[in-house]
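For the single chain, residues carry numbers from 1 onward in sequence order.
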Amino acid sequence: MTTDVPLAAVILAGGASRRMGRDKATLPYEGTTLVQRMVDILKPRCAPVFVIAAPGQALPALDAEILRDEARGVGPLLATGRGLRAAAEAGSALAFVAAVDMPLLTVELIDELAGPAERLGADVVLPWDGRDHYLAGVYRTALAGRVAELVAAGERSMRALVQRVDTQRIVMTEQAALTNVNTAADLAAMRGPKIA
């Protein structure tokens, strides 16, 4: 299924990557880095593309707008809010929010979420394959204000947002496009035979 629903993109690249033991955004992957790979995947489908990075985080040159978190280690919710606010200011009503560590992500998966996001008018549309994928979903950019309220109340997790707004889940079979690289072993497995 393809759709022409306009989407911005927000790539969260500033996480601590504790399980990996180093910055994931600049990990080498097939002749590039994970952050470059994500921009390359999203750029043909989404405009504008925002990369949310940590303060002082070194990144390669990217064909995207880089925004910096205000503080390190405060979780993905604050970074998502910053990206949604930037997307709203750029005139986008919807944004695909993604983790930086999904090198097998496809435009087809994004379109499977974008169509229902527009049709249903939901605040958030997530893929569900037995678990929620908070950082692979379509979010209304108007949620930036709600995110700010939650962060001010001490919330840090994406679950805090998703549980308080109209969230629709699209049931999917487990698939490679939703695979995250969390450890060196995950990265090594992705470099091996491709997952079907």
For this session: Show your reasoning for whether side chain to side chain contact (heavy atoms under 4.5 Å, CB included) applies to Phe50 and Arg85.
Result: CA-CA 11 Å; Phe50 298 98; Arg85 185 171 54 252; over 6 Å; no
Do [X] and [Y] come close enough that some side-chain heavy atom pair is under 4.5 Å?
| X | Y | answer |
| --- | --- | --- |
| Ile170 | Pro127 | no |
| Val51 | Leu67 | no |
| Ile110 | Leu7 | yes |
| Tyr134 | Leu161 | no |
| Val100 | Val181 | no |
| Val49 | Lys43 | yes |
| Thr80 | Val10 | no |
| Leu113 | Met172 | yes |

For this session: With sequence neighbours excluded, tell me which residues meet salt bridge (charged side-chain N to carboxylate O under 4.0 Å, His left out) with Arg169.
Result: Asp132
For the [atom1] atom of [X] and the [atom2] atom of [Y], what is their distance to the nearest 0.5 Å?
| X | Y | atom1 | atom2 | result |
| --- | --- | --- | --- | --- |
| Thr173 | Leu178 | OG1 | CG | 9.0 Å |
| Lys24 | Met38 | NZ | CE | 11.5 Å |
| Asp101 | Ile11 | CG | CD1 | 11.5 Å |
| His133 | Met102 | NE2 | CE | 7.5 Å |

Please answer whether the main-chain N or O of [Y] pairs with a side-chain N or O of [X] as donor and acceptor at a distance below 3.5 Å.
| X | Y | answer |
| --- | --- | --- |
| Thr167 | Val162 | yes |
| Glu118 | Gly115 | no |
| Gln57 | Asp69 | no |
| Arg68 | Ala54 | yes |
| Thr32 | Tyr29 | no |

Considering only distance and modelled atom types, tabulate donor-acceptor pairs under 3.5 Å from the side chains of residues 140-155, sequence neighbours left out.
| residue | atom | partner | partner atom | Å |
| --- | --- | --- | --- | --- |
| Arg140 | NE | Ala122 | O | 2.9 |
| Arg140 | NH2 | Ala117 | O | 3.1 |
| Thr141 | OG1 | Ser92 | O | 2.6 |
| Thr141 | OG1 | Ala93 | O | 3.4 |
| Glu155 | OE2 | Arg164 | NH2 | 3.4 |

Considering all heavy atoms of both residues, which atom of [X] and which atom of [Y] are nearest to each other, and what is their separation?
| X | Y | answer |
| --- | --- | --- |
| Ala114 | Val138 | N-CG2, 4.1 Å |
| Ala9 | Leu42 | CB-CD1, 4.0 Å |
| Gln36 | Leu62 | CG-CD2, 3.5 Å |
| Ala79 | Leu12 | CB-CD2, 3.8 Å |
| Leu109 | Ala177 | CD1-CB, 3.9 Å |
| Val125 | Pro116 | CG2-C, 4.3 Å |

For this session: For Leu105 and Phe96, run side chain to side chain contact (heavy atoms under 4.5 Å, CB included): C-alpha distance rounded to whole Å, both residues' side-chain angles, the deciding distance at 0.1 Å, then the answer.
Result: CA-CA 12 Å; Leu105 181 68; Phe96 183 76; 3.7 Å; yes
Exercise. What do the steps show when you test Tyr139 against Leu94 for side chain to side chain contact (heavy atoms under 4.5 Å, CB included), and what is the final call?
Worked result: CA-CA 6 Å; Tyr139 290 73; Leu94 296 168; over 6 Å; no
Exercise. Between Leu135 and Trp128, is there a shared hydrophobic cluster once you connect ILVMFWY residues whose side-chain heavy atoms come closer than 4.5 Å?
Worked result: no
Problem set entry | Met158 with Val165, same ILVMFWY side-chain cluster at under 4.5 Å | yes
For this session: Starting from the C-alpha separation in whole Å, work towards a yes-or-no answer on side chain to side chain contact (heavy atoms under 4.5 Å, CB included) for Gln175 and Asp129.
Result: CA-CA 8 Å; Gln175 54 190 286; Asp129 61 2; 5.8 Å; no
